[in-house]
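Written below as structure tokens is the structure these notes are about.
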Amino acid sequence: LRNLPPEQREMMEKMMKGKLPQATPAPTAPEIRATGETATHGGLKTQRFDVFVDGRKRSEFWVANWKDIDPRVRTAFEHMASFMKGLVDKLPAKMSDSVRTGGFEAIGDLNGLPMLTREFDASGKVAGESRVTGITDADVDVAIFNPPAGYTRRSLPF
């Protein structure tokens, strides 16, 4: 638009107004606060960490220290976290901001496995909870990860 005569530029700006995506501010990084509170979850001693974004509590993690967990679990968890980060990084901001500010990106800084996780809504009420009830060493048939018959590959709409 810079090279157009002023009247053409003004006309183009009016036509384009509201049609181009606006830059969105980067999500605020979560703040992790160790509470000092401990409890047993899934048979392991855990410590509570609260995650705040813009002053609002978004998540609560009850974390078992890695030293108390089989190293293979840590490796699997770190691989899963890396996969999820790569996935979220490829999503458009409108789809990923809630994930980025939900506190899960802070998990890598907790030095352990979240055994109990609570997510909070804007009013401070628990909106969701997930819990590890135990860790079992077992062989898994890789076929359970295949999509069911009839499923087809589709691209995301962006």
Side-chain angles (χ1 to χ4, degrees), residues 19-158:
K19 297 190 191 249
L20 294 176
Q22 300 297 312
T24 55
T28 303
E31 176 191 351
I32 304 168
R33 298 181 192 165
T35 67
E37 189 175 349
T38 61
T40 300
H41 294 285
L44 295 169
K45 180 181 176 184
T46 62
Q47 179 181 356
R48 188 177 115 198
F49 293 87
D50 292 341
V51 179
F52 291 81
V53 176
D54 293 329
R56 179 171 76 84
K57 183 175 175 180
R58 297 290 301 262
S59 308
E60 175 181 295
F61 295 106
W62 289 85
V63 179
N65 192 296
W66 285 127
K67 68 177 179 53
D68 298 328
I69 298 170
D70 184 319
R72 295 173 299 167
V73 173
R74 180 178 187 168
T75 299
F77 188 80
E78 288 171 343
H79 286 176
M80 183 177 66
S82 176
F83 169 79
M84 291 304 295
K85 181 182 181 332
L87 178 66
V88 170
D89 286 348
K90 295 200 179 345
L91 293 173
K94 67 181 178 182
M95 294 177 75
S96 64
D97 280 353
S98 64
V99 175
R100 292 181 197 279
T101 60
F104 282 101
E105 66 282 10
I107 289 175
D109 300 325
L110 299 176
N111 194 32
L113 179 66
M115 300 297 287
L116 171 63
T117 302
R118 290 187 179 114
E119 296 296 316
F120 297 88
D121 65 18
S123 70
K125 293 183 180 173
V126 175
E129 181 176 289
S130 62
R131 181 182 304 265
V132 176
T133 57
I135 299 171
T136 305
D137 186 4
D139 291 329
V140 177
D141 182 0
V142 296
I144 67 168
F145 297 102
N146 293 331
Y151 272 55
T152 58
R153 179 181 289 247
R154 299 176 89 186
S155 297
L156 292 173
F158 50 83

**Asked** So do Asp70 and Ile135 actually touch side chain to side chain, heavy atoms under 4.5 Å?
**Response** no

**Request:** Please identify each residue that fulfils side-chain hydrogen bond (donor to acceptor under 3.5 Å, both in side chains) with Thr136, with sequence neighbours left out.
**Result:** none

**Prompt:** Among all residues two or more places apart in sequence or in another chain, which pass the side-chain contact (heavy atoms from CB on, under 4.5 Å) test with Arg74?
**Reply:** Trp66, Glu78, Asn111

**Request:** Report the distance from atom CG of Asp68 to atom CG of Leu44, rounding to the nearest 0.5 Å.
**Result:** 6.5 Å

**salt bridge (charged side-chain N to carboxylate O under 4.0 Å, His left out): pairs with one or both residues in residues 136-153, sequence neighbours excluded** = Arg72-Asp137

**Prompt:** Which atom pair, heavy atoms only, marks the closest approach of Val51 to Pro30?
**Reply:** CG1-CB, 3.4 Å

**Message:** Could you check whether any side-chain N or O of Thr117 sits under 3.5 Å from a backbone N or O of Phe61, counting only pairs where one atom can act as donor and the other as acceptor?
**Reply:** no

**Message:** Between Trp62 and Arg131, is there a side-chain heavy-atom distance shorter than 4.5 Å?
**Reply:** no

**Complete:** Between Phe120 and Gly124 the two heavy atoms that sit nearest each other are CD2-O, 3.3 Å

**Student check: side-chain heavy atoms of Thr46 and Leu116 closer than 4.5 Å** = no

**Request:** Examine distances only and state if a side-chain atom of Arg56 and a backbone atom of Asp121 form a donor-acceptor pair shorter than 3.5 Å.
**Result:** yes

**Prompt:** Which atoms form the tightest heavy-atom contact between His41 and Met115, and what is the distance?
**Reply:** O-CE, 3.6 Å

**Request:** Check whether the side chains of Gln47 and Thr38 place a donor and an acceptor atom closer than 3.5 Å, and report yes or no.
**Result:** no

